[in-house]
Each structure stands twice: as C-alpha cells, then as structure tokens.
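Heads up, the thing below is written out as structure tokens.
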Amino acid sequence: MNNNQIIAKIFNEIADALEFLGDNPFKIRAYRTAANVIEGLVEDISVYIQRNEKIYGIGEDLREKIIEFLRTGKIKKHEELLSKIPKGIFEIMNIPYVGPKTAKLLYEHFGVDSIEKLKNILETGALLKIKGFGLKKIENIKKGLELYQKLSQRFPIGEVYNDIINFKNYLSSIDGIEKIEIAGSFRRFKETIGDVDILILSKRDVSDDILKHPRIKEILAKGETKISFLYGLSNNKLIQIDIRVIDEKSWGSALMYFTGSKEHNIQMRDLAIEKGYKLNEYGLFKDEMYIAGKSEEEVFDKLLIQYIPPEIREARGEIELAKQFKIPKLIDFNDIKGDLQVHSRYSDGVMDFWEIEAEALKMNYEYVAITDHSKSLKVAGGMDIEDLLKRNEEIKKFNRNSKVKLLISAEVEILNDGSLDYPDEILKNLDLVLASIHNVKKDEDITQRYLKAMDNPYVDIIAHPTGRLVLSREPYKLNLDELFKKASERKIILEINAHYNRLDLNDLNILKAKQYGVKFSIGTDAHNRNGFYMMIFGVKMARKGLLTKEDVINSLSLIELLEYIKFCREYRIKQFASSNK
DNA sequence: GCCGTTTTCGGCCCGACTGTTTTCAGTCG
Ligand SMILES: Nc1nc2c(ncn2[C@H]2C[C@H](O)[C@@H](COP(=O)(O)OP(=O)(O)OP(=O)(O)O)O2)c(=O)[nH]1
Ligand SMILES: [Mg+2]
Ligand SMILES: [Mg+2]
Ligand SMILES: [Zn+2]
C-alpha cells in the first residue's frame with residue numbers, strides 16, 4: 001500500500017470507531033469522504049501538502065492529521081481509538097446486517113468482542129434479552145455471519161465479466177423486461193467489483209421470472225422495487241446481485257443513482273440542491289414537480305452541466321469539469337484499429353496466425369502486434385534468435401495475403417542490468433518493440449533498469465509498466481515520475497495492459513503520465529482466442545484516465561502507426577547521437 | 001469535520017427493505 005492508501009485506511013478505521021462510539025454521523029462522513037478523496041489522488045498526498053495545495057474535503061484538522069502521519073507514520077487519534085476498542089469489534093461490524101448499533105449492543109450486554117464470542121452467544125439464545133432483538137433479528141445475524149464467511153471480498157472485474165453478460169442475456173429473454181443496464185462499479189469500470197447492480201425497466205412484475213434462474217442460490221431481500229440475491233458464478237464462488245426495477249420516466253435518474261459512485265451521487269445531489277432542485281432515483285424535482293429523469297442526458301442538461309461518462313463518476317473533480325464543459329471526448333472502442341500485445345504459438349500463446357487473424361476480424365481490426373516473449377523468459381516459451389527470425393519470415397509470408405496485418409513485434413525482456421534481451425541488429429528489424437520486466441528481486445527498485453533500457457532507441461513501448469496484479473501483487477518499487485519523464489523525453493509509449501489481472505497502467509497512473517505528455521498503447525496480452533475481448537477493458541481504463549483517441553496509438557491506421565513508430569525511433573536515434581557527441 | 005457568491009454557524013443525499021415498532025431505527029443501496 002502507498003501513503004494515500006494507508007491514510008485512507010486509517011481514516012476509514014477512525015470512522016468505524018467513531019460510528020461504534022455513536023459520534024456525530026456527519027463527522028464520520030467527513031472522515032470517509034476524506035478517505036475516498038485521498039485514495040483518488042493522482043500524486044502522493046505529501047506532494048499536495050508540500051505545495052500547500054487545498055484539497056476539497058480535507059480541512060484544517062484532517063490536514064494536520066495527514067502531516068502527523070507523514071512525520072511519524074501514525075495518527076494519535078487512530079492509535080487511541082484502536083486501543084480503546086477491541087479489534088474484533090471492527091470485524092463484527094463487517095458482518096452483513098450487523099452495523100455499529102448492533103455491535104455496540106452485543107458488546108455492552110454480553111461483552112461480544114470477537115466473531116468467536118458472537119458465534120457462542122448466538123447458540124445460547126441469550127440475545128433475546130436485549131431490547132430490540134427478536135427471533136428474526138437473531139436469525140439475521142446468523143445469516144450475516146454465514147454470508148461473511150462464504151462471500152469473497154471483491155472480484156477482479158474480468159473474472160466475473162462473462163458470467164454477468166450471460167445473466168444479462170437471460171434477463172433480456174424475460175417477457176416484459178424492456179431495458180437492462182448493468183450499473184454500479186461495473187459500469188464505472190472499477191478494477192474490482194464487490195457486487196453486481198442491475199437496473200431493469202419493466203411494467204410488469206418480473207421478479208418471479210428472474211428468481212427462476214438456476215444459479216440463484218439465496219434471496220437476501222425482496223421488495224416492491226428491488227431484489228437482492230446470491231448468484232453462483234462459473235468459478236463456483238458466490239456474488240451478490242442487486243436488481244432495481246424502475247419505470248420509463250425515471251430510467252435516466254435511476255441509472256445515475258445506481259451507477260454511482262456514492263460520493264459522486266452525493267455531489268450531484270448537492271449540486272441539484274444548490275440549483276433549487278431535488279435529485280433522487282425517481283428524477284429531478286422542483287417543489288415536488290417532476291422536471292427530468294427519462295434519460296441521463298436530460299438530467300445533466302437540466303442541471304446545466306456537461307454529460308459525465310460513467311467511467312469518471314468517481315467524485316474526483318469530474319463535476320467541476322462538467323460545469324465548465326471541459327470533459328474531453330473520451331476514446332471509444334470504435335476508435336481502436338488493432339491490438340498491440342498478442343502472443344502466438346512461437347512463445348507461450350496457443351494461436352497460429354490464421355486464428356489470430358480470425359479473431360482480429362471479429363474485432364474489426366486492421367492490425368495485430370505479435371509480441372512473443374524473448375529468449376530469457378524461458379518459462380513463457382521465450383524465442384531464441386533463430387526462432388524469432390523464422391517467425392518473422394512466417395509473419396511476412398502471412399501478411400502477403402492477409403486481411404489483417406500482423407506487426408513483427410516482440411515483448412523483449414529488460415535484463416537485470418537494463419540491457420535488452422536481443423541485440424540492436426535484431427531489434428531494429430522489428431516493426432514494434434515492447435520492452436518489459438518479468439523478473440524482479442524482492443524489494444528491488446526497477447527505475448534504473450527502465451531508464452537504462454529506454455536509452456535504447458529501438459524500445460517503442462514499455463509494457464505493463466508497474467507490474468502490479470489486481471488483488472494479488474503490489475506494483476514494483478518504481479519512481480513513476482522518472483519513468484514518465486523519460487518516456488516523454490524519449491517518445492516512448494506506455495502500455496495500458498488490458499488483461500483484467502493487470503490493467504497496468506491503471507486510471508490514476510494514466511492521469512499522472514498524461515501530465516508528462518506521453519502517449520499510450522493498449523494491448524490485451526491475449527494468449528488464446530478468448531483473450532481479445534479484453535480490449536474493452538483497456539479502453540475503459542483509458543476512459544477512466546480521461547484519454548482521448550489522440551492519446552492512444554491504437555486509434556492510428558496501420559500506415560499512420562508505422563509512420564509514427566518510425567518517427568519516434570528516428571527522434572530517439574538523433575537524440576542519442578547528439579548526446580554522444 | 002467540512003464548507004461558504006445571503007461567510008464562521010448551521011446544515012450536511014435520499015430512499016428501500018426489514019424487524020420490531022405502532023410510528024421508527026437500523027442497515028444497506
Ligand atoms: N445516493 C446514494 N447512492 C448510493 C449510496 N450507496 C450506494 N449508492 C448507489 C451508488 C452505487 O454505485 C450504487 C451501487 O451500490 P454498491 O454498494 O453496489 O456500490 P458500487 O457498485 O459502486 O461498488 P461495489 O463494487 O459494489 O462495492 O448505488 C448512498 O448512500 N447514496
Ligand atoms: Mg456494486
Ligand atoms: Mg450493490
Ligand atoms: Zn508481459
């Protein structure tokens with residue numbers, strides 16, 4: 001975790017503690033809002049503190065606490081609260097249907113300060129003695145405990161993507177359902193999702209039809225307008241699905257509500273209040289009179305701000321931008337003319353060129369970069385030079401009669417000393433050189449390796465720059481400012497790896513890199529036929545990073561792309577020559 | 001604890017579902 005993430009965690013824990021103690025709900029919200037703001041910062045929090053820059057949502061007090069953290073690595077108020085409240089309480093409050101009030105009653109009446117104690121007391125039936133605790137409430141706590149144990153925390157979005165699309169298709173087969181949109185973190189394209197939120201337009205009560213689906217395991221709640229249930233994924237894990245049903249005149253406002261984020265919603269509703277309206281999922285209202293709500297566009301129009309694409313609705317300043325009509329036209333899937341990272345049979349992929357072409361045609365591409373691994377990456381079938389040259393000839397032959405052009409490329413290892421895995425005479429004959437690092441020693445800082453490699457004029461793209469894996473590996477130790485500065489100086493492109501386990505660069509790093517004026521490429525890292533669809537993930541990540549098609553080289557036609565690569569290489573060669581005078 | 005184009009107090013998003021209540025509190029979205 002970086003500073004920002006640690007401070008966000010501390011603020012959230014302070015909020016939990018204060019909630020348990022029954023403190024002012026608005027103070028608690030201030031802590032949570034601040035945590036969210038800090039997590040969404042592009043730079044390390046210390047940078048803003050040093051520049052004496054005001055951050056919306058962080059006032060004098062929290063600013064002092066941040067400074068305290070930066071100096072000492074701790075926040076006294078946090079430490080005090082932690083010593084006052086047993087650790088188990090925080091865990092208990094994470095149980096579904098058990099909030100701060102219930103946790104407090106359990107603690108005060110029976111000293112419940114751990115999951116273990118809660119389990120024991122549940123067995124005895126003693127909880128009935130607490131005022132406000134009935135049989136059903138106790139059953140619900142048991143149910144919550146079960147859910148707590150069997151539900152996964154969060155999923156990488158791609159891990160559940162196809163399941164969700166399948167379920168959506170099922171819904172569209174139900175008679176009476178006129179519109180379906182998957183909302184929530186899925187529509188905003190967060191890299192991980194906690195549940196699935198689906199908005200449905202229907203005039204008829206369709207809940208019974210929905211609940212017939214064989215993968216629905218358990219109904220959690222069912223009312224007039226919404227249903228929640230557990231759904232069995234194809235990987236046998238369970239995910240919660242929340243369905244909200246709404247009618248036509250509220251479709252847009254409901255979609256806004258259900259897409260979130262929560263903090264974005266609050267800011268939008270604040271804006272509505274400022275302008276004398278009320279905004280909720282049913283529409284925009286003036287003195288109880290319906291003004292708008294049929295479509296999202298209509299609501300934004302009436303509020304006199306620019307439409308905000310779902311991917312950037314994260315309360316990171318997008319509403320300010322929208323007020324000034326300064327949200328750029330974001331890149332779209334249709335702008336993409338090719339995939340810039342695909343592996344074939346020549347390394348660890350399973351596809352031959354014909355299969356790759358067939359997939360590319362389905363995606364409407366002009367080109368695909370064949371980026372097989374280089375010789376040192378033995379575990380991934382890295383090609384020795386002989387294999388590479390043979391493959392290059394095969395690609396040339398293939399291209400003579402192909403509908404999709406395959407770029408002669410490679411994902412070349414950056415070795416420990418920053419040199420590249422193939423000599424320059426080989427690299428210069430590749431259409432496109434991706435350079436990347438796969439072997440990193442524990443705690444190694446890879447900045448210098450990158451900088452050295454980027455002195456090589458044939459390095460066109462740095463692939464999956466930070467090396468992070470969603471939910472499973474932190475980014476490598478790396479000075480991003482130095483990397484981005486060098487990329488900008490050397491006209492080296494940075495990859496947005498679209499594989500759902502990587503998504504690297506991610507949105508925040510894209511925003512940061514863009515400030516340095518670098519360009520981006522998107523590659524799916526496909527190793528088989530089922531990998532190509534992930535291009536949409538890369539595009540959505542680019543959109544979260546506010547990129548336009550001008551920022552992304554996949555929007556260039558084949559000819560433009562090759563020219564651009566050539567231009568950048570010549571620029572680097574010239575630069576290299578002049579610096580060696 | 002934060003914020004402010006009626007500036008330093010007074011408000012802070014708004015609604016659904018459930019259970020225990022008989023008019024609302026708690027939890028969640
Ligand atoms: N206005 C308002 N909307 C909320 C609130 N909580 C949730 N929502 C809306 C915005 C959320 O994106 C949407 C779905 O809620 P979720 O809890 O599923 O959150 P989300 O999907 O954003 O993230 P997740 O990945 O599921 O954790 O409901 C709230 O307190 N107020
Ligand atoms: Mg959700
Ligand atoms: Mg949800
Ligand atoms: Zn790689």
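All values below were derived from every heavy atom in this structure, side-chain atoms included, with hydrogens, water molecules and symmetry-related copies excluded. First the proteins, then the strands, lettered A, B, ... as listed; each starts at 1.
Checked by distance alone, A:N24 brings a side-chain donor or acceptor within 3.5 Å of a matching partner on the base of B:dG1. The base of B:dG29 sits within donor-acceptor range of the side chain of A:Y257, with an N or O pair under 3.5 Å.
Relative to the side chain of A:K137, the nucleotides B:dC17, B:dG15, B:dT20 differ in distance, and B:dT20 lies closest. Closest to the A:A221 side chain, of the nucleotides B:dG29, B:dA16, B:dC17, is B:dC17. Distance from the side chain of A:K136 is smallest for B:dT20 among the nucleotides B:dG1, B:dT20, B:dG4. Between B:dG29, B:dC2, B:dA16, one nucleotide has an atom nearer to the side chain of A:D195 than all others, and that is B:dG29. Distances from the side chain of A:T225 to the nucleotides B:dC2, B:dT18, B:dA16 place B:dA16 closest. Residue A:A30 has its side chain nearest to B:dC2 when only B:dG4, B:dA16, B:dC2 are considered. Comparing B:dG26, B:dG1, B:dG15 by their closest approach to the side chain of A:E281 singles out B:dG15. The nucleotide whose nearest atom lies closest to any side-chain atom of A:K101 is, among B:dG26, B:dC2, B:dG29, B:dG26.
Side-chain nitrogen and oxygen atoms of A:Y97 include none within less than 4.0 Å of the OP1 or OP2 phosphate oxygen of B:dT27. Contact check, A:K54 against B:dC3: a side-chain N or O comes under 4.0 Å of OP1 or OP2. Not one side-chain nitrogen or oxygen of A:Q240 sits closer than 4.0 Å to the OP1 or OP2 atom of B:dC28. The phosphate of B:dA16 has neither OP1 nor OP2 within less than 4.0 Å of any side-chain N or O from A:K222. Considering only side-chain N and O atoms, A:T102 lies under 4.0 angstrom from the phosphate OP1 or OP2 of B:dT27.
Taking the charged nitrogens against the carboxylate oxygens, A:K65 and A:E68 have no contact shorter than 4.0 Å, which rules out a salt bridge.
In this structure, B:dT8 forms no base pair with any nucleotide, since neither Watson-Crick nor G-U wobble geometry is met with both distances under 3.5 Å.
Using atom C1' as the reference point in both B:dT22 and B:dC28, the two lie 24 Å apart (nearest Å).
When the nearest nucleotides of DNA chain B are assigned to A:G223 and A:F26 by heavy-atom distance, the more 5′-ward of the two goes with A:F26. Between A:I28 and A:N280, the residue anchored closer to the 5' end of DNA chain B is A:I28, taking for each the nucleotide with the nearest heavy atom.
Summarising the geometry, the separation between CG on A:N140 and P on B:dA25 is reported as 19 Å, rounded to the nearest angstrom. As rounded to whole Å, 16 Å separates atom P of B:dG15 from atom CZ of A:F258.
Taking the six-membered ring for Trp and thresholds of 30 and 60 degrees, A:Y533 and A:F537 have ring planes more than 60 degrees apart, a perpendicular arrangement. Taking the six-membered ring where the residue is Trp, A:Y231 and A:H213 present tilted rings, their angle falling between 30° and 60°.
Under the 6.0 Å distance and 45° angle rule, A:K137 counts as a cation-pi partner of A:F133.
Counting heavy-atom neighbours within 6.0 Å of A:Q149 CD, excluding the residue itself, gives a total above 12.
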